[in-house]
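Every chain is numbered from 1 and lettered A, B, ... according to where its sequence line falls, protein lines coming before strand lines.
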There are 2 protein chains.
Amino acid sequence: MTIRSADAERVRNISFFKQADDPTFARAMTGAFLQRFPANTTLLMEGDPVDFLYILLEGAVELGAGWKSKDTTLAILRPVSTFILAAVVLESDSLMSAVTLERSEILMVPGDSLRRSMKEDATFGFAVSEELAGCYRGLVRSIKNHKLRDSTERLANYLLTQRVRQGEKNTIVLPHEKRVLAALLGMTPENLSRAFSKLSDKGVSVEGAHVRFDNVAALERLARPTPLIDNHYAQDCNTKGKAFTERQQGLLDTKSD
Amino acid sequence: MTIRSADAERVRNISFFKQADDPTFARAMTGAFLQRFPANTTLLMEGDPVDFLYILLEGAVELGAGWKSKDTTLAILRPVSTFILAAVVLESDSLMSAVTLERSEILMVPGDSLRRSMKEDATFGFAVSEELAGCYRGLVRSIKNHKLRDSTERLANYLLTQRVRQGEKNTIVLPHEKRVLAALLGMTPENLSRAFSKLSDKGVSVEGAHVRFDNVAALERLARPTPLIDNHYAQDCNTKGKAFTERQQGLLDTKSD
DNA sequence: CGTTTAGTTGAGCATGCTCAACGGTCGTGG
DNA sequence: CCACGACCGTTGAGCATGCTCAACTAAACG
């Protein structure tokens, strides 16, 4: 077995493996191996056949796509996240490219093993369906965020989201370089700068990666976060405490394919 | 049983029911009923709890979302299409609203029945996973279409796509009102008009719902369709002849949740 | 100490939206 | 049968959001 038990533990804690029993988990992991990649390594290009499910355990990965000399970022992933799950289920070619942003540690699970486990164990299969459904809904949120909000509103909501995740304190630290954040929010670095200065009205001040909030109420009045777009503001919105299956992604951050 | 056998047949022909055996199909359909709705009926609002999987058998449905007095169209569905599948799997609230565009006939399948069948029959569960994965990839295509192409390019690709679907003839008939088409392509009706006139250079002429192509080569040179965005141009791209699981959707048309 | 890279700022431009006006079509009702 | 109104689609003018390009600063790294 090429994976350490500590890693196996971490992997079992991601949603859809948590519900698998031991034999199913073991079979799903058949042939899996752990690999390290330096920053800026292309893991996968658009159109490549997909043979493995990728599970990011350490580092950061950008999912993107291009056409006619344009490029766009679809999501930035942080551990622990799976990606390319949909392509694995369908045994089809990748629709996006994946590139490491930092030195990263990635578990690669053969698609065959995963599909076999799904077909043999209905409970596990259902868990994968839940994961896929969560990813789907993450994308829907992402599209709504993009089509219904302008860049300043997206930034405002991003900041409020980070504030919630980092414990409701009045200062947060940005988890990405500003250039990466700009790509995540669907704008240029120049416009991110300008968006930040527009928010100074609302008590937002920036110093490097540190952001301070002096008037959260005013910021919320501009941002108007909603559980129908911003997953974190989902108080009791997922009916059965299953919030874990639905993670924010895409323009909202993390988890994908 | 409230559904006619002719309808049952049509339903069985959509991807993920096709793979179910008879008992599983029967159980999944427990409590299902067929309902007719007039045009412009709201079937579901954003944030509503979802109790049924909807299957559109006749008519047309628009999926949309709103925020702060803005509204946007996420997809237009045509028969036979399921929708709200992801929310059903997760037993959670809808992220989009659904409205009939025409008089429609919709089969409503209780979420409980569907989830139970998935948990009891791994083969059926896998088929649902394939469906979800296909929906996911449809959304990814949709986002790429939107972020990487300007409005004229989206229209050009839409027209080429329709041409392929309608049999590669040199004239097609638009399946929607232009106002609806505009929403589908993510622009205003005014801009759709302008986009059409920009395409007259490329041999495209419009008369009502009829569009004629006099220079397909030129149009393709502008549109540059690719299987990584436009599903139809997938020659042999899905590895195992499973193309049926992946339908175009969202900005590309039809099939969703 | 030079070089590189991230971030900011400004000017000009492009894509797409809003608002208003107008023509054509269809359905209704006089 | 015609007249009216409603609505779809088109066209034009002006505007807004966001992008490109360029210059400049500051910090990081050799």
Side-chain angles (χ1 to χ4, degrees), chain A residues 39-40 60 62 66-73 76 101-102 145-159 173-201 204-211 222-223 251, chain B residues 39-40 60 62 66-73 76 101-103 145-159 173-201 204-211 222 251:
Chain A
N40 296 313
E62 180 195 84
W67 180 76
K68 249 193 185 182
S69 81
K70 273 184 206 165
D71 279 286
T72 191
T73 296
I76 308 279
L101 291 175
E102 312 169 358
N145 190 39
H146 226 13
K147 290 184 77 173
L148 295 169
R149 291 171 172 164
D150 69 22
S151 58
T152 309
E153 290 167 335
R154 290 198 296 275
L155 174 60
N157 278 289
Y158 176 84
L159 293 176
V173 39
L174 300 173
H176 311 284
E177 273 182 335
K178 290 212 186 77
R179 51 192 343 284
V180 174
L181 181 55
L184 189 65
L185 294 172
M187 47 183 156
T188 57
E190 293 94 319
N191 274 334
L192 176 60
S193 246
R194 293 185 250 264
F196 267 121
S197 33
K198 278 186 204 168
L199 292 182
S200 61
D201 288 31
V204 175
S205 42
V206 194
E207 233 183 81
H210 293 266
V211 180
L222 170 74
L251 310 182
Chain B
N40 296 313
E62 180 195 85
W67 180 77
K68 249 194 188 182
S69 81
K70 273 184 208 169
D71 279 285
T72 192
T73 296
I76 308 280
L101 292 175
E102 311 168 0
R103 173 175 168 70
N145 190 40
H146 223 73
K147 291 184 76 174
L148 295 169
R149 291 171 171 163
D150 68 22
S151 57
T152 308
E153 289 166 336
R154 290 198 297 276
L155 174 60
N157 278 290
Y158 176 84
L159 293 175
V173 40
L174 301 173
H176 311 283
E177 272 182 334
K178 291 213 186 75
R179 54 194 339 285
V180 174
L181 181 56
L184 189 66
L185 293 172
M187 47 183 153
T188 57
E190 292 95 319
N191 274 335
L192 177 60
S193 244
R194 290 173 188 124
F196 266 121
S197 36
K198 279 187 203 166
L199 291 182
S200 61
D201 289 30
V204 175
S205 41
V206 194
E207 232 183 81
H210 293 266
V211 180
L222 169 73
L251 311 181

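- Candidate nucleotides C:dT8, D:dG9, D:dT11 were compared by shortest atom distance to the side chain of A:Lys178, and C:dT8 ranks first.
- Candidate nucleotides D:dA22, D:dT11, D:dG9 were compared by shortest atom distance to the side chain of B:Glu190, and D:dT11 ranks first.
- Computed from coordinates, the B:Asn191 CG to D:dT10 P distance equals 12 Å when rounded to whole Å.
- Closest to the side chain of A:Ser193, out of D:dG9, C:dG7, D:dG12, is C:dG7.
- Under the 3.5 Å distance criterion, with hydrogens and angles disregarded, a donor-acceptor pair is assigned to the side chains of B:Asn191 and B:Arg194.
- Summarising the geometry, the separation between CD on A:Glu207 and P on C:dT8 is reported as 12 Å, rounded to the nearest angstrom.
- Here the side chain of B:Lys147 pairs a donor or acceptor atom with the backbone of A:Thr73 at under 3.5 angstrom.
- The B:Arg194 side chain lies nearest to C:dT18 when the options are C:dT18, C:dA6, D:dT17.
- For the pair A:Leu192 CG and C:dT8 P, the computed distance is 7 Å after rounding to whole Å.
- Closest to the side chain of B:Glu177, from the set D:dG9, D:dA22, C:dC19, is D:dG9.
- In the helix from C:dC1-D:dG30 to C:dC22-D:dG9, the terminal helix axes, each the rotation mapping four pairs' C1' atoms onto the next four within five end pairs, subtend 30°, rounded to 10°.
- Rounding to whole angstrom units, CZ of residue B:Arg149 and C1' of D:dC19 are separated by 20 Å.
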